[in-house]
Amino acid sequence: MSSSRRLFLLNAGLIPAAAALPVPAAASPSGGVRPDTDSPRFTLAVIPDTQYLYDRDRGDAAPLEASLRYIVDSAREHNTVFVAHLGDMTENGLASEFSSISRTFRILDRFPYSVLAGNHDIDASKDDQRGPSPYLDNFGPARFRNSPSFRGATRDGYNSYHVFRAAGREWVVLALDWRPSAGSIAWARDVLRKHPRSPVILTTHEFVHADSGDGNAVLSDFGQRLWNDLVKDNDQIFLTLNGHFWPPGRTVLRNSAGNDVHAHITNYQDRYYGGSAMIRLYHFDLARGVIDVQTFSPWLLAQRKLNVLAQQEIERSGPLDYFSVEIDFTKRFSGFAPVPPVASRPAREMVIPGTVAYWRFDSRDLRDLSGNGNDLVASDTPTWSPEHHASQPGHGSVFLDGAYFKTVSGAPLNRATFQRGYTIEAFFKLPTDFNSSHAWGALLSRLGTGRDAGKTGDDPSEPVATLSLSDGHALQWATFPLNQNGISTNWGHELPLGKWWHVAVVNDGRCTTLYVDGARLLRNPSTPAVGISTANDVWLMGAYTYDRKIDKTFYGWIGDVRVVDRPVAERDFMVRS
């Protein structure tokens, strides 16, 4: 049983299916939960057409009450930041129906949410200049005067916009009427101009439909007008959500900037019990570049005993209701909210206490920038490149395909044994055509064999130290420590090609730990490994030796490389998370 289900059952009280939940006199205390606005993971809850639940004397408020309670009470678990109703709140737009659903929505009144009018909520033959209505009486701007997200509405009151914070930035929700007038479209454009760097989610009752039955949505006639008048030329709008039609579906449209606009329709009024107040949770994960979508009925989820029809409706698990949308958010939002490039950092800032060598390739200077004399010489002419890891101190690299570097004869680094511990850091990128023939090329290695250092365990013809890439492009740090006769090995995992990485090998004077992009990896030995053996010979960058002979050269880009004679804490790595 999931924690969300346990939480819901506790708060819902395991009520029977036919019984109504009591309408609270005030908002749930959980409504005061503050979301983590800096987390890259947050949730948007979506409520489609609830009209059959509020239909004269034929409805039942219990399902929606259960859904709203679930949203509020699970807000901390899901980091839910906003709730959007997609219209057709009621069947006939009657004052009595709106009075009922208004009481239900008290559950949300301390929570950020938006609503909008569908064709069943108002006089659908008119646009938003239709004048007073029970909808406005209950869900007009006055209701949202204490809302944490409400920022404004059109003068007629039928269109509103909301702002919430999530993933460290501001997001805008436009909640547009069933038929916004030309003046309201101009108002919406003005909202976008006032929030020029904010991603925008458009909610409206009608936009796309998926009548073909295959789930592929297309613009309706009105949706086409809204696309032409508002969405197409406003790159900030990246996601549209609407109800009205069924079955559910989705599509990806291409706007004038050449970017994707994801258009989704969700509506379950045709399903059992008027849709059983199905909700959709849009779980945004900006770290993974994905929105995970799930659809279910909290009301049915809480029932002790379900009838045959209800059993089929607890959760919608087909590809149109349970799916993931991959979005490179940084790239998608770059047209209106570009992420400023991380400025290069002066070399002197990277020479932290204990630094024995620091090389960077934003120029053709092969000197050791730590000032310790561990300069490099090239075996051949390398290819200099402006490519670099996004958070690399130096904005440049060297591409190696046969060429390599070595420290100068007599460099202090050649004799160092690092008995107090060490940290080796490097930025690198493997080309997309990297294959097994390039395997075991070393980012950094030490010339000399285990045998040269007096070691007889394992294969003494192996180098005394090497940081290499396997045929599965996984990192391997292998060294003959001072206190062992054999090799101590740390293993990484398979790394995607064509991407920049930062690696750190950290030894605290006893054990060695491998990190990638600041994240600690799994296969790190617990066996004590003190220092690094040496044959008092050079270090190699971009070459691996076997029995003192060059066996493999590194294939790819190498950026900044730093060696420190102490363990460096993750927070002090050269990479910036």
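Counting only heavy atoms from C-beta outward, the side chains of Gln392 and Val575 never approach each other to under 4.5 Å. When side chains are defined from C-beta on, Leu497 does not count as touching Asp433, because their heavy atoms never get closer than 4.5 Å. Contact annotation: the side chain of Phe336 never approaches that of Leu192 to less than 4.5 Å [non-hydrogen atoms, C-beta and beyond].
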Would you please test Thr479 and Val464 for side chain to side chain contact (heavy atoms under 4.5 Å, CB included) and show each step? CA-CA 5 Å; Thr479 181; Val464 285; 5.7 Å; no
- Message: Quick one, Arg360 with Asp362, criterion salt bridge (charged side-chain N to carboxylate O under 4.0 Å, His left out). Give me CA distance, side-chain angles, the key distance, then yes/no.
- Response: CA-CA 6 Å; Arg360 58 197 283 173; Asp362 50 0; 3.2 Å; yes
side-chain hydrogen bond (donor to acceptor under 3.5 Å, both in side chains) between Thr43 and Asn79: does it pass, once the steps are laid out? CA-CA 6 Å; Thr43 296; Asn79 198 27; over 6 Å; no
Is there a side-chain hydrogen bond (donor to acceptor under 3.5 Å, both in side chains) between Tyr358 and Asn372? Walk through the geometry before answering.
CA-CA 9 Å; Tyr358 176 45; Asn372 289 313; over 6 Å; no
Pair Leu469-Leu430, side chain to side chain contact (heavy atoms under 4.5 Å, CB included): steps then yes or no: CA-CA 9 Å; Leu469 277 301; Leu430 302 179; 4.0 Å; yes
Give the C-alpha distance, both sets of side-chain angles, the deciding distance and a yes or no for ring-ring contact (aromatic ring centres under 6.0 Å, His included) between Tyr544 and Trp440.
-> CA-CA 7 Å; Tyr544 165 85; Trp440 307 113; 7.5 Å; no
Pair Phe284, Arg41 - check side chain to side chain contact (heavy atoms under 4.5 Å, CB included), show working. CA-CA 5 Å; Phe284 284 69; Arg41 299 172 183 86; over 6 Å; no
**Q.** side-chain hydrogen bond (donor to acceptor under 3.5 Å, both in side chains) between Thr512 and Asn524, intermediate numbers included
**A.** CA-CA 7 Å; Thr512 309; Asn524 293 307; over 6 Å; no
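Note that the OG1 atom of Thr80 and the CG atom of Leu281 stand 6.5 Å from one another [nearest 0.5 Å]. Of the inter-residue distances, the one linking Arg548 atom CZ with Thr449 atom OG1 reads 6.5 Å to the nearest 0.5 angstrom. Rounded to the nearest 0.5 angstrom, Leu226 CG and Ile185 CD1 are separated by 5.0 Å. In this structure, CG on Leu400 lies 11.0 Å from CH2 on Trp557, to the nearest 0.5 angstrom. The distance from atom CH2 of Trp359 to atom CG of Leu376, rounded to the nearest 0.5 Å, is 5.5 Å. Going from atom CZ of Arg446 over to atom CG of Leu444 covers 10.0 Å, rounded to the nearest 0.5 Å.
Two rings, from Tyr113 and His162, have their centers 6.0 Å or more apart. The aromatic ring centroids of His264 and Tyr282 lie less than 6.0 Å from each other. Residues Phe333 and Phe238 bring their aromatic ring centres within 6.0 Å. For Phe42 and Trp171, the distance between ring centers is under 6.0 angstrom. In this structure, Phe361 has its ring center at least 6.0 angstrom away from the ring center of Phe427. Aromatic ring centres of His502 and Phe573: separated by under 6.0 Å. The six-membered or imidazole ring of His438 lies away from that of Phe554, with a centre-to-centre distance of 6.0 Å or more.
Thr545 pairs with exactly one of Asp551, Asp537, Leu540 by the side chain to side chain contact (heavy atoms under 4.5 Å, CB included) rule, that one being Leu540. Just one residue in the list Asn374, Thr407, Thr534 forms a side chain to side chain donor-acceptor pair (under 3.5 Å) with Asn414, and that residue is Thr407.
The local environment of CD in Glu326 is sparse, with at most 12 non-hydrogen atoms from other residues, nucleotides or ligands closer than 6.0 Å.
Ring geometry for Trp384 versus Phe405: interplanar angle of 30 to 60°, hence tilted.
Looking only at distances, a side-chain donor or acceptor of Thr295 sits under 3.5 Å from a matching main-chain atom of Asp321. Between the side chain of Ser370 and the backbone N or O of Val356 there is at least one donor-acceptor pair closer than 3.5 Å. Side chain of Trp501 to main chain of Lys499: a donor-acceptor pair is present (N/O by atom type, distance under 3.5 Å, no hydrogens or angles). Within the 3.5 Å criterion, the main-chain N or O of Tyr322 finds no donor-acceptor partner in the side chain of Arg280. A donor-acceptor distance shorter than 3.5 angstrom exists from the side chain of His395 to the backbone of Val342, with no hydrogens or angles considered. Checked by atom type and distance alone, the side chain of Ser533 pairs as donor or acceptor with a backbone atom of Phe480 at under 3.5 Å. Looking at Ser470, its side chain does come within 3.5 Å of a backbone N or O of Gly472 through a donor-acceptor pair. With hydrogens and angles disregarded, no donor-acceptor distance shorter than 3.5 Å links the side chain of Asn159 to the backbone of Leu176. Formation of a donor-acceptor pair under 3.5 Å by the Asn234 side chain with backbone atoms of Leu230 is found in this model. A distance-only check finds a donor-acceptor pair linking the side chain of Asn507 to the backbone of Ala529 [under 3.5 Å].
Between Asp36 and Arg76, none of the side-chain N atoms (NZ, or NE/NH1/NH2) sits under 4.0 Å from a carboxylate O, so this pair counts as no salt bridge. A salt bridge does not link Asp328 with Lys331: none of the charged nitrogens is closer than 4.0 Å to a carboxylate oxygen. Under the 4.0 Å criterion applied to side-chain N and carboxylate O atoms, Arg165 and Glu170 are not assigned as salt-bridge partners. Using a cutoff of 4.0 Å between basic side-chain nitrogens and carboxylate oxygens, Asp233 and Arg189 are not scored as salt-bridged. Ion pairing between Asp365 and Arg367 holds under the 4.0 Å rule for side-chain N and carboxylate O. A salt bridge links Asp565 to Arg420: one of the charged nitrogens lies within less than 4.0 Å of a carboxylate oxygen. Of the charged side-chain nitrogens involved, at least one lies within less than 4.0 Å of a carboxylate oxygen, so that Asp260 and Arg254 count as a salt-bridged pair.
For the residue pair Arg451/Ser461, the side-chain donor-acceptor check at 3.5 Å is satisfied. Between the side chains of Tyr546 and Asp459, at least one donor N or O lies within less than 3.5 Å of an accepting N or O.
Val503 approaches Leu475 most closely through the heavy-atom pair CG2-CD1, 3.6 Å. Counting all heavy atoms, side chain and backbone alike, Val290 lies closest to Phe329 at N-CE1, 3.7 Å. Pairing each heavy atom of Asn483 with each of Lys455, the nearest pair is N-NZ, 4.5 Å. Minimum heavy-atom separation, Phe164 to Val173: CE2-CG2, 3.7 Å. Scanning all heavy atoms of the two residues, the minimum distance from Arg110 to Pro148 falls at O-CG, 4.3 Å. Of all non-hydrogen atoms in Asp560 and Gly394, the two that sit nearest each other are OD2-N, 3.0 Å.
Taking the centre and axis of the six-membered ring of Phe323, the NZ or CZ atom of Arg250 falls inside the cone set by 45° and 6.0 Å.
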